[in-house]
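Sequential numbering from 1 along the given sequence is applied to the chain's residues.
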Amino acid sequence: MTDIRSLLLSRIRDVPDHPEPGVTFKDITPLLADPAAFSALTEALAELTVRYGATKIVGLEARGFILGAPVAVRAGVGFVPVRKVGKLPGATLRQAYDLEYGSAEIEVHAEDLSAEDRVMVVDDVLATGGTAEASLRLVRRAGAEVAGVSVLMELGFLGGRARLAPALDGAPLEALLQV
């Protein structure tokens, strides 16, 4: 696992002062552009999906789509996008959540998850945990079971793990990288 961590870290670019002064953005586009790194990431997340018995991946908009879809294919499970409000046609379940400055809402198609599903939530970064927490609530409201959350990297200094712990209710949170 140390080798994969080194590979992944070497392909993540720090962009200072983006999107605002004082913030260092973790840019994963170099990782996505490198077929060996992207494949290693996909395989690692697929292994977690299989290990925890997930039957579906929920990918969080937008980078969770980029990671979650190939992970679902590799793991042999379904993929369900969780989107910003108003992007999905048809009947949806909606969940509001608080951000650092304000609030937001996400949605999932109501019929895409059922009581037979064990869901792994996949995203690129766990920051404050608000979006992941809201997605876990959506999964449970749809009647599905939470298999866990897996992310490429966790920004530990933002406290997302602690915020997410009650919503996980004992399900695992796996971060391939901690920064």
Side-chain angles (χ1 to χ4, degrees), residues 1-20 22-84 87-88 106 108 112-113 117-136 138-139 144 146-161 163-164 168 171-179:
M1 192 63 146
T2 302
D3 290 338
I4 186 175
R5 286 187 178 119
S6 297
L7 174 62
L8 297 176
L9 276 172
S10 74
R11 300 304 187 274
I12 297 171
R13 175 177 47 203
D14 285 348
V15 180
D17 299 320
H18 181 79
E20 58 188 54
V23 173
T24 301
F25 182 77
K26 298 292 187 183
D27 181 13
I28 68 166
T29 57
L31 187 156
L32 300 173
D34 180 324
F38 193 17
S39 182
L41 171 60
T42 300
E43 184 61 36
L45 293 174
E47 286 175 13
L48 293 172
T49 300
V50 171
R51 178 186 313 158
Y52 294 117
T55 61
K56 289 197 177 149
I57 297 276
V58 157
L60 305 182
E61 188 165 341
R63 289 181 298 266
F65 298 173
I66 296 168
L67 301 184
V71 168
V73 170
R74 181 84 50 101
V77 302
F79 176 79
V80 178
V82 167
R83 306 243 17 217
K84 295 173 185 169
K87 301 289 185 180
L88 293 171
I106 55 174
V108 66
D112 289 347
L113 297 172
D117 290 316
R118 283 185 46 82
V119 177
M120 178 66 76
V121 175
V122 172
D123 206 3
D124 64 329
V125 175
L126 176 64
T128 62
T131 308
E133 179 184 36
S135 72
L136 294 175
L138 272 179
V139 166
V146 172
V149 174
S150 59
V151 296
L152 165 58
M153 71 183 118
E154 176 183 355
L155 306 179
F157 61 93
L158 292 176
R161 183 174 290 267
R163 177 180 180 167
L164 207 51
L168 282 164
L173 167 59
E174 298 277 357
L176 299 179
L177 304 173
Q178 307 226 346
V179 293

Under 3.5 Å donor-acceptor pairs involving side-chain atoms of residues 39-49, not counting sequence neighbours:
unit_1 : atom_1 : unit_2 : atom_2 : d
T42    : OG1    : F38    : O      : 2.9
E43    : OE1    : R74    : NH1    : 2.7
T49    : OG1    : L45    : O      : 2.9

Quick one: side chains of residues 62-69, donor-acceptor pairs under 3.5 Å with protein atoms, not counting sequence neighbours, listed by atom name and distance.
unit_1 : atom_1 : unit_2 : atom_2 : d
R63    : NE     : D124   : OD2    : 2.3
R63    : NH2    : D124   : OD2    : 3.3

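With V119 as the partner, the side-chain contact (heavy atoms from CB on, under 4.5 Å) test is satisfied by one option alone out of L113, V108, V149, V80: L113.
L176 has its side chain within reach of L8: a pair of non-hydrogen atoms, C-beta onward, lies under 4.5 Å apart. Taking 4.5 Å as the limit, some side-chain heavy atom of L9 sits within range of a side-chain heavy atom of V179. At a threshold of 4.5 Å between non-hydrogen side-chain atoms, the residues L136 and L168 count as touching. Under the 4.5 Å side-chain criterion, counting only non-hydrogen atoms from C-beta, I12 is not in contact with P30. Inter-residue side-chain proximity for F79 and K56 is flagged as unmet; no heavy-atom pair is nearer than 4.5 Å.
Listed for the R118 side chain is no donor-acceptor partner under 3.5 Å among the backbone atoms of A144. One N or O on the side chain of D17 and one on the backbone of G22 form a donor-acceptor pair closer than 3.5 Å. For E133 (side chain) and L164 (main-chain N/O), no donor-acceptor pair under 3.5 Å exists by modelled atom type. In this structure a side-chain-to-backbone donor-acceptor pair under 3.5 Å is present from D27 to T29.
Side-chain contact check for D14 and T24: no donor-acceptor pair (N or O, by modelled atom type) lies under 3.5 Å.
Atom CG of L177 and atom OG of S6 lie 9.5 Å apart (nearest 0.5 Å). Here L173 contributes atom CG and S150 contributes atom OG; the two are 9.0 Å apart, rounded to the nearest 0.5 Å. Separation of atoms CG (L138) and CG (D112) is listed at 12.0 Å; rounding is to 0.5 Å. In this structure, R11 CZ and L152 CG are separated by 13.0 Å, a value rounded to the nearest 0.5 Å. Separating the CD1 atom in I57 from the CG atom in D117 is a distance of 11.5 Å, to the nearest 0.5 Å. Distance check, rounded to the nearest 0.5 Å: CD of E174 to CG of L126 gives 12.5 Å.
The heavy-atom pair separating M153 from K26 by the smallest distance is CE-CB, 3.7 Å. Of all the heavy atoms in G129 and R163, the pair that sits closest is C-CD, 4.1 Å. A pairwise comparison of heavy atoms in A147 and A54 identifies CB-CB, 4.0 Å as the closest pair.
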